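Take a look at the structure below.
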Amino acid sequence: MPDSFSRKRVSDMEYRLRLLVCIEQLEPIAPDQLWPFVAQLELMDYVSMCLYLDELRQSGALAEGQHALAGQLYLTAEGHKQWELFSSRMPMSEQERIRREAPAYAQALKERKYLRVMWEPVGEGRHSLFCTVQENETPTLLMRLVTGDRRLADTVAASFRE
């Protein structure tokens, strides 16, 4: 067998489909969170991933979240439609490999996040919570609640992790 084994040529369509499957399985996900998964499965190089993500955004297949989900990508109705129309152009083995590996990667992402709820003193009859979601010490969500209703503050503190 020759040393220079030629790999199967992957079409642009298949690269886009690979990203759609990855995002569908991991959504919502930021591009910098998606890259290690794509690299681990050797689906494409970084520059290609960025270019195809941009093409998918421009075509309306992907959208970016706002406010607390700013920077997070998710499939739109158009993205689901594109997947349904063209999924047969991607080998089933590749689809299964992505779907098999995605849950473990999603769990690893969850474990890197930190949730914190801190009570802050504000004065008599007022209750203040400062809730944060952090990923590796970088705050990704900050929420402050100031209320006169102690039950509301207790409910938010107890359910923030959910």
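Since this is a predicted model, take the numbers as computed values, not measurements. Values reported hereafter were calculated over all heavy atoms of this structure, with side chains retained and with hydrogens, waters and symmetry mates removed.
Contact record, Gly79 with Leu20: O-CD1, 4.2 Å, taken as the closest heavy-atom pair. In terms of heavy-atom proximity, Glu27 sits nearest to Leu73 at CB-O, 3.9 Å.
Taking the six-membered ring where tryptophan is involved, the planes of Tyr105 and Phe37 are tilted, since the angle between them lies from 30° to 60°.
By the criterion of side-chain heavy atoms lying less than 4.5 angstrom apart, applied directly or through intervening Ile, Leu, Val, Met, Phe, Trp or Tyr residues, Met44 is not grouped with Leu51; the two fall into different hydrophobic clusters.
Contact of the Leu43 side chain with the Leu19 side chain is not registered, since no non-hydrogen atoms from C-beta on lie closer than 4.5 Å.
Counting only distance, with no hydrogens or angles, the side chain of Gln95 and the backbone of Val21 share no donor-acceptor pair below 3.5 Å. Judged purely by atom type and a 3.5 angstrom limit, Gln33 uses its side chain to pair as donor or acceptor with the backbone of Ala30. No donor-acceptor pair closer than 3.5 Å links the side chain of Arg18 to the backbone N or O of Ile98. Using a distance-only test at 3.5 Å, with no hydrogens or angles considered, no donor-acceptor pair links the side chain of Thr147 to the main chain of Ala153.
One finds the CD atom of Gln82 at 12.0 Å from the OG atom of Ser87 (value rounded to the nearest 0.5 Å). The structure places CG of Leu62 at 11.5 Å from CD of Glu24, a figure rounded to the nearest 0.5 Å. To the nearest 0.5 Å, atoms CG (Leu53) and CD (Glu64) are separated by 10.5 Å.
In this structure, Tyr46 places its OH atom where only 12 or fewer heavy-atom neighbours from other residues, nucleotides or ligands lie under 6.0 Å away.
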Side chain to side chain contact (heavy atoms under 4.5 Å, CB included), that's the test. Do Leu56 and Leu75 meet it? Break it down for me. CA-CA 9 Å; Leu56 288 167; Leu75 262 65; over 6 Å; no

